Number of protein chains: 2
Amino acid sequence: MATIRDVAKLADVSVSTVSLALSNPARVSQKTLEKIRQAIAAVGFVADPLAQSLARGRSRMIGFIVGNVGNPFFGDIRRELENYALDHQHFVVVTDSSGKTDRERAMVEHLIGLKTAGLALAPSGHDRDYIDFIAGLNLPIVCFDQKVAGIERDFVGSDNYLAGAMLTEHLLQLGHRRIAVITGPSHMHTATERYRGFADTMANAGVDINPNFVVDGQFTRTAGYEAAMRLLIQPERPTAILGTNNAVALSTLQAMQELGFRCPEDISLAMIDNVQWSSVITPRITMVVQDTLALGGIIARRLMHRITNPQGAVEPPQDFVLTPKFVPGNSCRRI
Amino acid sequence: MATIRDVAKLADVSVSTVSLALSNPARVSQKTLEKIRQAIAAVGFVADPLAQSLARGRSRMIGFIVGNVGNPFFGDIRRELENYALDHQHFVVVTDSSGKTDRERAMVEHLIGLKTAGLALAPSGHDRDYIDFIAGLNLPIVCFDQKVAGIERDFVGSDNYLAGAMLTEHLLQLGHRRIAVITGPSHMHTATERYRGFADTMANAGVDINPNFVVDGQFTRTAGYEAAMRLLIQPERPTAILGTNNAVALSTLQAMQELGFRCPEDISLAMIDNVQWSSVITPRITMVVQDTLALGGIIARRLMHRITNPQGAVEPPQDFVLTPKFVPGNSCRRI
DNA sequence: TTATCAAATCGAACCGGTTCGATAAAGCCT
DNA sequence: AGGCTTTATCGAACCGGTTCGATTTGATAA
């Protein structure tokens with residue numbers, strides 16, 4: 001591999017001039033610029049990113065940290081960020097924390113060690129320790145998906161309250177009153193907001209919520225399945241179920257199928273968030289989906305803005321909350 | 001951030017001794033080892049991975065390059081690799097080429113620039129140029145999924161011929177004769193092998209293949225959908241369709257639903273590869289799945305072996321081919 | 001006591017760039 | 001021509017580690 005010294009030697013200039021020519025060509029005369037250009041081509045020089053990062057104290061990498069890269073929601077965002085970053089000479093390093101806070105922390109620390117230019121982070125933690133950790137980081141960070149109280153950073157996400165409210169309203173409109181909800185972890189902002197949207201809408205309609213109809217699905221497949229089962233074996237069953245994320249909703253569908261309940265004939269089902277291949281799942285589930293492409297675009301722009309703009313670092317954090325979209329399916333029937 | 005020189009100063013030893021103590025404690029006396037240990041703790045020293053990589057000419061990172069990180073197949077493999085690598089003090093950098101050869105190349109070059117210790121690569125290319133590029137790389141590489149003729153590297157994958165043969169045999173057993181197949185790109189090893197398995201099994205059973213029943217689905221959603229449509233609008237329809245990957249098979253199911261064909265009553269469907277939430281898709285599709293966890297484990301072990309073992313680099317490349325598993329569903333009926 | 005050898009430690013060069021103050025060259029004005 | 005800027009280039013220090021040959025220390029043997 002050719003180094004900058006090889007180039008300098010061949011072009012008969014100093015190393016620092018070559019470096020300058022590369023980083024700020026305007027300050028170098030046309031004549032030497034041309035000599036250097038030729039020398040670079042002749043030896044096939046490519047700057048070593050590692051050496052650059054070490055000297056600059058900053059790399060051209062962006063860290064992307066989520067709990068599950070396989071989740072298409074994160075996948076879409078990743079793609080948008082990657083495209084945008086690539087257009088701006090930055091490289092995205094994707095890491096998966098599997099939703100574990102300690103692992104996420106290890107990964108963030110590793111990324112910091114790599115002197116990444118910035119971080120796009122879907123936070124997995126929520127306690128004091130975690131918040132302090134994030135707060136203590138001294139580099140551009142854009143958080144997304146989970147809004148964590150106490151983290152003073154840019155945040156990009158969807159209106160989860162509205163998501164819960166929209167589907168609840170839809171079910172009420174169809175005549176449902178015995179509506180059950182499968183919730184997510186209470187420490188997650190998305191979970192509490194979606195539930196709030198549900199509860200407020202029910203209250204506004206003057207419909208009481210049956211306490212037995214509120215079960216915790218932890219946003220996971222297994223817990224969601226168990227939660228659904230608990231709902232379905234009750235003597236007085238709900239006429240409709242709202243799954244507050246895709247995992248619990250689809251687990252519910254599975255549970256219903258296994259117990260011989262038809263959807264929507266016996267029980268209606270609505271879900272928040274999309275899922276791959278939702279179009280071939282029978283019935284097509286009525287859902288509220290997030291605009292992942294828009295979210296990804298905003299995250300990318302905001303992060304690159306903070307990275308490339310010198311004064312971007314001191315701009316106060318800002319929240320970007322997008323409106324989710326209602327996508328009707330045929331999993332909810334009128335009663 | 002504390003540097004190694006801070007530690008050396010505090011412990012009153014030379015910088016090189018500190019470095020030695022860290023990399024090979026046995027060569028340092030107990031006394032100084034202890035002094036250094038305390039100094040490290042006192043200043044909170046953590047070695048800068050960038051500086052280490054630059055000096056060593058090698059980092060503790062492993063590159064993982066696939067065409068679609070969202071694909072659960074790759075997701076499972078990634079997880080296995082990540083766990084194993086983390087246990088061995090290595091960090092996995094995930095990159096997504098979106099299946100584009102030039103993008104993959106750019107990413108590989110970037111990873112090389114990062115002086116990654118090794119690469120786990122699902123190759124996306126197949127032409128001379130690409131093969132030469134991969135062959136020219138001078139670091140441990142384990143290829144997986146696609147076996148590319150001409151690439152002399154370790155390879156980990158499944159017996160795709162068998163996968164095609166198993167499902168074909170299954171359909172034949174059920175009495176099907178008019179079996180259609182939706183194939184993948186002819187330059188992909190998995191695609192050709194799966195088709196070979198189909199064709200040979202048909203031939204062995206003495207069943208002629210209707211040329212109209214062989215359509216190209218490109219392993220993609222859109223092309224698969226179109227291919228399925230071409231099959232389904234023929235006056236003489238197949239009684240069973242073999243989708244040679246999940247995208248084309250599920251697109252076929254979608255096309256069938258849209259045209260009002262019931263599965264399996266009107267047409268049976270079998271597919272190669274799994275998909276997330278397959279258990280809630282109606283009907284549950286009969287499929288042959290790869291043992292992703294085992295694949296990931298082998299990839300991880302093989303790669304780390306080559307990385308950590310000095311003589312591992314010169315070991316001749318080896319192929320690891322696993323047997324896929326038949327998973328019965330209810331998408332194929334006896335006729 | 002001194003020669004011998006292994007173990008422990010050190011110094012300096014190196015990895016491949018960046019940065020900034022100093023110097024040299026060129027341009028402008030009186 | 002002399003003084004004053006501006007522009008172009010350079011040298012050296014630096015980023016934070018590793019590596020290896022050289023030197024010092026300590027123990028053992030003669």
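Sequence lines set the chain letters: A, B, ... in the order given, protein chains first and strands last, and positions in each chain run from 1. What you see is a predicted model, and the numbers here were worked out from it, not measured in a lab.
Judged by closest nucleotide on DNA chain C, B/V13 is the one of B/K115 and B/V13 placed further toward the 5' end.
Phosphate contact (OP1/OP2 of C/dT18, side-chain N/O of A/R56, threshold under 4.0 Å): present. At least one side-chain nitrogen or oxygen of B/Q52 sits closer than 4.0 Å to the OP1 or OP2 atom of D/dT18. Of the side-chain N and O atoms in B/T17, none sit less than 4.0 angstrom from OP1 or OP2 of C/dT9. Within the structure, every side-chain polar atom (N or O) of B/S16 is placed at least 4.0 Å from both OP1 and OP2 of D/dC20. Contact between the side-chain N/O atoms of B/T32 and the OP1/OP2 oxygens of C/dT9 is found at a separation under 4.0 Å. Dashed line: the shortest gap from a side-chain N or O of B/S14 to OP1 or OP2 of C/dT9 is not under 4.0 Å.
The B/A47 side chain lies nearest to D/dG17 when the options are C/dT9, C/dG17, D/dG17. Each of D/dT9, C/dA8, C/dT18 was ranked by its minimum atom distance to the side chain of B/S29; first place goes to C/dA8. Proximity note for A/V28 (side chain, C-beta onward) versus D/dT9, C/dT9, D/dT19: the nearest is D/dT9.
You'll find the side chain of B/V92 stays beyond 4.5 Å of the side chain of B/M61, heavy atoms only.
At least one cation-pi condition fails for A/R302 and A/F320: the charged atom is not both under 6.0 angstrom from the six-membered ring centre and inside a 45 degree cone around its axis.
Atom CG in B/L54 sits about 9 Å away from atom P in C/dG17, given to the nearest Å. Rounding to whole angstrom units, CZ of residue A/R5 and C1' of D/dG11 are separated by 12 Å. For the pair B/F45 CZ and D/dG16 C1', the interatomic distance rounds to 8 Å; values are reported in whole Å. The nearest whole Å value for the distance from the CZ atom in A/R27 to the C1' atom in D/dC10 is 15 Å.
The ring of B/Y130 has its center no closer than 6.0 angstrom to the ring center of B/H126.
Below 30°, between 30° and 60°, or above 60°: for B/F64 and B/F144 the angle between ring planes is below 30°, a parallel geometry.
The existence of a salt bridge linking B/D96 and A/R79 is excluded, since no basic side-chain nitrogen approaches an acidic carboxylate oxygen closer than 4.0 Å.
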